[in-house]
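Below: the structure, in structure tokens.
Order of the sequence lines sets the chain letters (A, B, ...), proteins ahead of strands, with each chain counted from 1.
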Protein chains: 2
Amino acid sequence: MERLRIQITIDPALYTRDPETTELGRKIVSKSIEMIDDLGFEKFTFKKLGLAINSNESSIYRYFESKHALLVYLVSWYWSWIEYKIVFATTNVSDPSIKLLSCIELLTKDVKEDTSISYVNEVTLHRIIVAESSKAYHTKDIDKENSKGYYKTYKRVVQRVSDFVTDIHPTYEYPHMLISTVIEGAHHQRYFSKHLPSLTNVCEGKNNITEFYKELVLNAIKQ
Amino acid sequence: MERLRIQITIDPALYTRDPETTELGRKIVSKSIEMIDDLGFEKFTFKKLGLAINSNESSIYRYFESKHALLVYLVSWYWSWIEYKIVFATTNVSDPSIKLLSCIELLTKDVKEDTSISYVNEVTLHRIIVAESSKAYHTKDIDKENSKGYYKTYKRVVQRVSDFVTDIHPTYEYPHMLISTVIEGAHHQRYFSKHLPSLTNVCEGKNNITEFYKELVLNAIKQ
DNA sequence: TTAATTATAATAGTATTACTATCATATCTT
DNA sequence: AAGATATGATAGTAATACTATTATAATTAA
């Protein structure tokens with residue numbers, strides 16, 4: 001079976017020059033994912049990246065104005081990808097409960113397979129999201145960046161899933177809180193399970209995180 | 001009424017030299033809280049701090065080996081303080097449901113009043129916890145630091161509150177996940193409500209965050 | 001009380017970071 | 001073939017996150 005080619009479109013506000021359109025741009029994105037996963041965001045630099053792809057620091061700056069901007073780009077890419085999967089999983093499904101559970105599954109499960117859409121390795125990117133994404137918005141520039149639309153895709157994903165909550169329970173007061181709690185919580189639990197396991201109840205081989213959040217949400221909106 | 005003097009004891013692993021024991025040490029802690037809140041963790045430096053307290057960068061390094069170590073210290077201080085409040089609020093209370101609800105209240109509510117225990121301004125520190133604490137453990141050194149006991153207090157708080165969950169519902173499978181979800185979630189919601197409000201459902205003047213998490217937990221462990 | 005110890009401040013120095021600027025060269029387009 | 005554009009190489013800057021050294025001040029012990 002041939003795979004559909006997924007179109008991930010990224011808002012031009014998130015780059016100086018579109019990395020998708022050139023070989024160098026794609027190499028920047030691809031290798032930066034690998035290196036941030038490997039070194040952690042703090043120790044990752046454009047100089048090291050340039051060296052690794054046989055290019056130059058100054059060339060990378062033509063695509064992204066800072067390494068922070070690159071992180072925001074990657075986070076946004078991830079949310080566009082998740083949004084695509086949500087749309088794909090929920091169109092033509094009529095039962096909002098099924099839609100909601102599919103979304104929770106997509107938002108909380110581990111990414112184990114690279115669907116090889118493109119130059120982006122989704123497994124590695126997911127690890128970056130879990131370990132580093134909170135650094136993208138925990139900045140003193142958050143308000144300025146938010147007004148430029150940097151976090152639009154994330155907000156749209158939360159809105160979409162919250163809408164399913166509202167479909168199920170129209171008077172539920174906290175749909176956005178519930179969904180953003182699930183999303184951020186799942187990332188934390190994923191991180192904790194590896195590094196601070198006493199903060200979780202994750203068992204080997206089980207999809208505990210997904211099970212926990214499905215149950216949590218269903219109980220929260222039970223009427 | 002005279003206030004009880006609270007004893008916040010910090011594990012010596014968290015500093016090079018105990019800042020509580022000297023004037024300079026207390027000034028470092030006190031002013032760093034102010035400055036991290038003000039500048040954000042990235043733009044905060046020991047050089048600036050030294051300047052602000054009429055001391056010197058090199059003197060500060062005698063108390064904390066790095067600015068990351070100082071952040072970890074502050075986070076740990078916060079959890080010791082919360083632990084104290086939890087112990088205070090739950091001793092001599094027999095009903096585990098009341099204990100649990102008190103804990104959720106303490107873990108999720110906004111800190112509005114500086115109880116002036118000491119040189120630590122708890123209102124400001126709470127803002128730092130909300131905005132910066134995730135940077136303390138999202139490091140490549142997490143495992144090494146965890147083995148040195150850097151996150152002990154946080155883990156102990158989660159354990160304490162999880163125990164109340166287990167008292168109420170002995171077979172509930174995810175007590176730790178539930179509590180760490182509440183804690184991290186509350187911090188996120190607090191941050192989002194200020195900077196990305198569309199991810200929340202916070203209303204002016206209401207304690208929505210606390211209400212949301214109380215309801216969430218009670219529904220999760222309802223039998 | 002003096003000597004020894006310890007704490008602090010001042011200064012200097014280092015490698016690295018996160019950029020910016022300039023320019024030559026390669027490549028692609030018209 | 002000329003012009004435009006993209007890339008790479010080099011250099012430079014202010015700041016960061018430290019380390020090391022030394023002088024001086026303050027505390028403590030003999």
- Between B/Glu83 and B/Thr153: side-chain donor-acceptor atoms closer than 3.5 Å: no

- Task: Check ring-ring contact (aromatic ring centres under 6.0 Å, His included) between A/Tyr73 and all other residues, then give those that pass, not counting sequence neighbours.
- Result: A/Phe64

- Query: Rounding to a whole Å, what distance do you find between B/Leu49:CG and D/dA17:C1'?
  - Reply: 14 Å

- Message: Distance check needed: D/dC18 C1' versus B/Leu70 CG, whole Å only.
- Response: 15 Å

- Message: Side chain of A/Asn56, heavy atoms from C-beta onward: which of C/dA9, D/dA9, D/dA17 has the nearest atom to it?
- Response: D/dA9

- Query: Taking for each residue the nucleotide of DNA chain D with the nearest heavy atom, is it B/Lys47 or A/Gly25 whose nucleotide lies nearer the 5' end?
  - Reply: A/Gly25

- Would you kindly give the NZ-to-C1' distance between B/Lys27 and C/dA7, to the nearest whole Å? 14 Å

- Item | Salt-bridge criterion met for B/Glu145 and B/Lys148 (N-O under 4.0 Å) | no

- Message: What is the distance, to the nearest angstrom, from the CD atom on A/Glu42 to the P atom on C/dT16?
- Response: 18 Å

- Query: Would you say B/Ser59 reaches C/dA9's phosphate, i.e. side-chain N/O to OP1/OP2 under 4.0 Å?
  - Reply: yes

- According to a strict under-4.0 Å criterion, is A/Lys48 in side-chain N/O contact with OP1 or OP2 of C/dT17? yes

- Query: Within a radius of less than 6.0 Å around NZ of B/Lys27, do more than 12 heavy atoms belonging to other residues, nucleotides or ligands occur?
  - Reply: yes

- What is the distance from CD1 of B/Ile60 to P of C/dA10, rounded to the nearest Å? 12 Å

- For D/dT5, does OP1 or OP2 lie under 4.0 Å from any side-chain N or O of A/Arg17? no

- Quick one: do B/Leu51 and B/Glu57 satisfy side chain to side chain contact (heavy atoms under 4.5 Å, CB included)? Show the steps, please. CA-CA 8 Å; B/Leu51 225 90; B/Glu57 209 184 349; over 6 Å; no

- Can you check the A/Lys43 NZ to C/dT16 C1' distance for me, whole Å? 13 Å

- Item | Residue-phosphate contact under 4.0 Å: B/Ser66 side-chain N/O, D/dA17 OP1/OP2 | no

- Message: Can you say whether a donor on the side chain of B/Glu57 sits under 3.5 Å from an acceptor on the base of D/dC18, or the other way round?
- Response: yes

- Task: Report the residue (B/Asn54 or A/Glu65) whose heavy-atom-nearest nucleotide on DNA chain C is the more 5′ of the two.
- Result: B/Asn54

- Task: To the nearest Å, give me how far apart CG (A/Leu24) and P (D/dT5) are.
- Result: 18 Å

- Task: Report the end-to-end axis angle of the helix from C/dT1-D/dA30 to C/dT30-D/dA1; each axis comes from five terminal pairs, and the value is rounded to 10°.
- Result: 10°

- Query: Taking the six-membered ring where the residue is Trp, are the ring centres of B/Phe192 and A/Tyr137 under 6.0 Å apart?
  - Reply: yes

- Has B/Tyr63 got a side-chain N or O lying under 4.0 Å from the OP1 or OP2 atom of C/dA7? no

- Message: Is the phosphate of C/dA18 approached by A/Lys67 (side-chain N or O, under 4.0 Å from OP1 or OP2)?
- Response: yes

- Message: Just the rounded figure in Å: distance from P of D/dA9 to OH of A/Tyr61.
- Response: 17 Å

- Message: Under 4.0 Å between a side-chain nitrogen and a carboxylate oxygen: does that hold for A/Arg160 and A/Asp163?
- Response: no

- Sugar-phosphate only, base, or nothing, as touched by B/Phe46 at under 4.0 Å among non-hydrogen atoms: nothing

Could you list, one pair per line, each protein nitrogen or oxygen that sits under 3.5 Å from a nitrogen or oxygen of nucleotides 22-27 of chain C, together with the distance?
none

- Centroid separation B/Tyr191 to B/His187 less than 6.0 Å: no

- Message: When you compare the side chain of A/Lys48 with that of A/Lys43, does any pair of heavy atoms fall below 4.5 Å?
- Response: yes

- Establish, from distance only, whether the side-chain atoms of B/Asn56 and B/Ser58 form a donor-acceptor pair under 3.5 Å. yes

